[in-house]
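These numbers were taken from a predicted model, which means no experiment stands behind them. In what follows, residues are counted from 1 in the order of the sequence shown. What you see below is based on every heavy atom in this structure, not just the backbone, and it leaves out hydrogens, waters and symmetry mates. Remember, it's 1-based here, ligands and their atoms both numbered in the order they're listed.
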Amino acid sequence: MATTVHTVSAATRRFLEKPRPFLLDGEWVSTAGAHQHIAVDPATGAAIGSFFEAQPADLERAVVAARRSFDDGRWRLLTPARRQEILWRVGDLIANDAARLAELECLEGGRLFQPALRHEIPHAAETFRYYAGWCTKLDGRLFDPSVPGVDFHGYVRHMPVGVVGQIIPWNGALVAASWKLAPALAAGCSIILKPAELSTLAVLRLGELLLEAGVPPGVVNILPGRGRILGQMIATHCDIDKVAFTGSTAVGKQLLTAAQGNLKRLTLELGGKSPTLIFADADLSTAIPGAAGAIFSGAGQVCVAGSRIYAERSIFERVCTGLVDAAARLRVGPGLDSTSEMGPLISAAHRLSVHSLVLEGAKRSANVLTGGAPQEGSGFFYPPTVIACESADNPVLRDEVFGPVVTVMAFDGEDDAIRHANNSVYGLAASVWTQNLARAHRAAGAIRSGIVWVNSHGIPELSMPIGGMKQSGWGREHGIEGLMIYTEAKSVMMRL
Ligand code: NAD
């Protein structure tokens, strides 16, 4: 296939020319003397731009600004129709700016340019449009209270929870930001969003689009900064009413303690180790490429990545061979190259952690069928890696790798498959590959995870809730559940 390397647009080059300021109370702030974070292209290891990191004093100002904007009702008291119109416009502006946003996600976040342009950016736009619609649909309930001898009229309203701190990871930063901002804005909240250190630039561009669409100053504040400092401050701050966090289970657990000062509401979208079950009756011509795509797309840096494959014993060898073939065919390269099918890992440090787990796993009754060593050359590439495992205790099978590394294990019958699938502290996602309809429903019901795909994997659907059981988190995003996490129920009892 002919290689075509996408040329970065003049708009993106201009955006990257100067250190990017952050968004505080409707102003773009570049604090004199503040640390400038150098943004690195994971495909080359070279610097591509920089942004200012917000300092603790900036967070204090942002909390005051967000609180003021919430209390004076400049956003939450707009008519639902007006808020709908503004959020819909954010969606349109994202769609109009798709090329620049995809370039930024590719240059800083290591995404593939074409899939980002065709799928991820349109999905971010659609997230704002989906939640725009909820502004005018959020309703309450009526009751006839059972108070002896007195007539009451009762109703329940869903009120915005208040000032929300949102902390997001580096993988698919623009989509992660949209999944957080759109429902919180639809509910009427004011927000302080902290992007991850390794992927911030597209989120800053989104901030420009939010202002352009008409989101009033102070309602969304975007403060880049370090997790251990700024993130921790957001979690502990007593004038922030709720924290919505997406990231690792380890940091999620730390937030439990941090949030206790004012008992702030907490939702956690955490790690995963999602199983892919392939039964002997599956159509292997779709199941094997499907299972390969479930782990290798996004270089495995996807929360719902299908990182544990279980194949029925009679087809185990075929599945292993098929996965190795799929890995061999996969073109690994920079996201700007249109022929690349898998991009780099996000950083040198992350590649080291991926490789350490592979080495650790390879020591314990496991057979590395392909991959398993970092690629030479510039950038933080790691090859698609397939490891046949015999023991469920192997750390590479047990722990989240967050890279293009999949374990394969054989199972004997449906009960054994379910037992393996549920043998994890995580419960984020799963897929079941079978042509037996009854088995598909039984397995989907028995697997303890927030979502189960049948004969597919990783397809997002904005109208259906997604989130984790067990140590994969608390709460759900998407759908009405994703809106409700930004509301508090209020009962009103009116004596007649
Ligand atoms: P991470 O937990 O290291 O960081 C996530 C965010 O938390 C970043 O913004 C970081 O700066 C911040 N942070 C770090 N330490 C903090 C602290 N002590 N207090 C407050 N904030 C802190 O995760 P990551 O490496 O950026 O992302 C990868 C992880 O995210 C994986 O575990 C992946 O499964 C998970 N993830 C989950 C979902 C989901 O929907 N369940 C989606 C995407 C990613």
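- Contacts of T246 with ligand 1, taken as heavy-atom pairs under 4.0 Å, involve both backbone and side chain.
- A donor-acceptor contact under 3.5 angstrom links the side chains of S431 and W433, judged on distance only.
- Contacts between L270 and ligand 1, counted as non-hydrogen atom pairs separated by less than 4.0 Å, involve the backbone only.
- In terms of protein heavy atoms, atom 2 (O) of ligand 1 is closest to S248 OG, 2.6 Å.
- By the definition of a contact as any protein heavy atom under 4.0 Å away, atom 34 (O) of ligand 1 is in contact.
- At a heavy-atom cutoff of 4.0 Å, ligand 1 is contacted by the side chain of E197 but not by its backbone.
- On a distance-only criterion, K194 and ligand 1 share at least one N/O pair closer than 3.5 Å.
- Counting only N and O atoms by type, the side chains of T12 and E103 include a donor and acceptor under 3.5 Å apart.
- Protein heavy atom in closest approach to atom 13 (N) of ligand 1: G227 CA, 3.3 Å.
- When only modelled atom types and interatomic distance are considered, K242 and T267 share a side-chain donor-acceptor pair under 3.5 Å.
- More than 12 heavy atoms of other residues, nucleotides or ligands shown are found within 6.0 angstrom of CD on E60.
- The protein non-hydrogen atom at the shortest distance from atom 28 (C) of ligand 1 is F402 CE2, 3.6 Å.
- Here T249 has no heavy atoms under 4.0 Å from ligand 1, in either its backbone or its side chain.
- Heavy atoms from other residues, nucleotides or ligands lying under 6.0 Å from CH2 of W28 number more than 12.
- The shortest heavy-atom distance from F245 to ligand 1 is under 4.0 Å.
- Between Y486 and Q166, the side chains place a donor N or O and an acceptor N or O closer than 3.5 Å (distance only, hydrogens not considered).
- Aromatic ring pairs are classed by plane angle as parallel below 30°, tilted from 30° to 60° and perpendicular above 60°; the pair H37 and F51 is parallel.
- When non-hydrogen atoms are compared, ligand 1 lies under 4.0 Å from the side chain of E400 (C-beta onward) but not from its backbone.
- Residue I466 places no heavy atom under 4.0 Å from ligand 1.
- Counting heavy atoms of neighbouring residues, nucleotides and ligands inside a 6.0 Å radius, atom NZ of K137 exceeds 12 of them.
- We find that R265 and D241 are not joined by a salt bridge, their nearest charged nitrogen and carboxylate oxygen being 4.0 Å or further apart.
- Looking from atom 36 (N) of ligand 1 to the surrounding protein, the closest heavy atom is C303 CB, 3.7 Å.
- The nearest heavy-atom contact from the protein to atom 27 (O) of ligand 1 is P169 CB, 3.3 Å.
- The aromatic rings of Y310 and H420 lie parallel to each other, with less than 30° between the two planes, well short of the 60° mark.
- In summary, the side chains of Q114 and H6 do not present any donor paired with an acceptor at a separation below 3.5 Å, with no hydrogens or angles considered.
- Salt bridge present: R68 and D25 bring a charged side-chain N and a carboxylate O closer than 4.0 Å.
- Nearest protein heavy-atom contact of atom 8 (C) of ligand 1 is I168 O, 3.3 Å.
- Counting atoms of ligand 1 from 1 in the listed order, those under 4.0 Å from a heavy atom of L255 are 19 (N), 20 (C).
- Below 4.0 Å from some heavy atom of N171 lie the following atoms of ligand 1, by number and element: 43 (C), 44 (C).
- Heavy atoms of Q254 found under 4.0 angstrom from ligand 1 belong exclusively to the side chain.
- Heavy-atom proximity to L428, at under 4.0 Å, picks out these atoms of ligand 1: 41 (N).
- Salt-bridge formation is detected for the pair R20/E208: a Lys NZ or Arg NE/NH1/NH2 atom is positioned less than 4.0 Å from an Asp or Glu carboxylate oxygen.
- Closest heavy-atom approach to atom 40 (O) of ligand 1 among the candidates R226, M233, E269: E269.
- Remark: ligand 1 atoms within the under-4.0 Å shell around heavy atoms of G231 are 19 (N), 20 (C), 21 (N).
- If you check which protein heavy atom lies closest to atom 26 (O) of ligand 1, you get W170 CD1, 3.0 Å.
- Between S378 and T44, the side chains place no donor N or O within less than 3.5 Å of an acceptor N or O (distance only, hydrogens not considered).
- When hydrogens are left out, the protein atom nearest atom 19 (N) of ligand 1 is Q232 OE1, 3.2 Å; that is the closest non-hydrogen contact.
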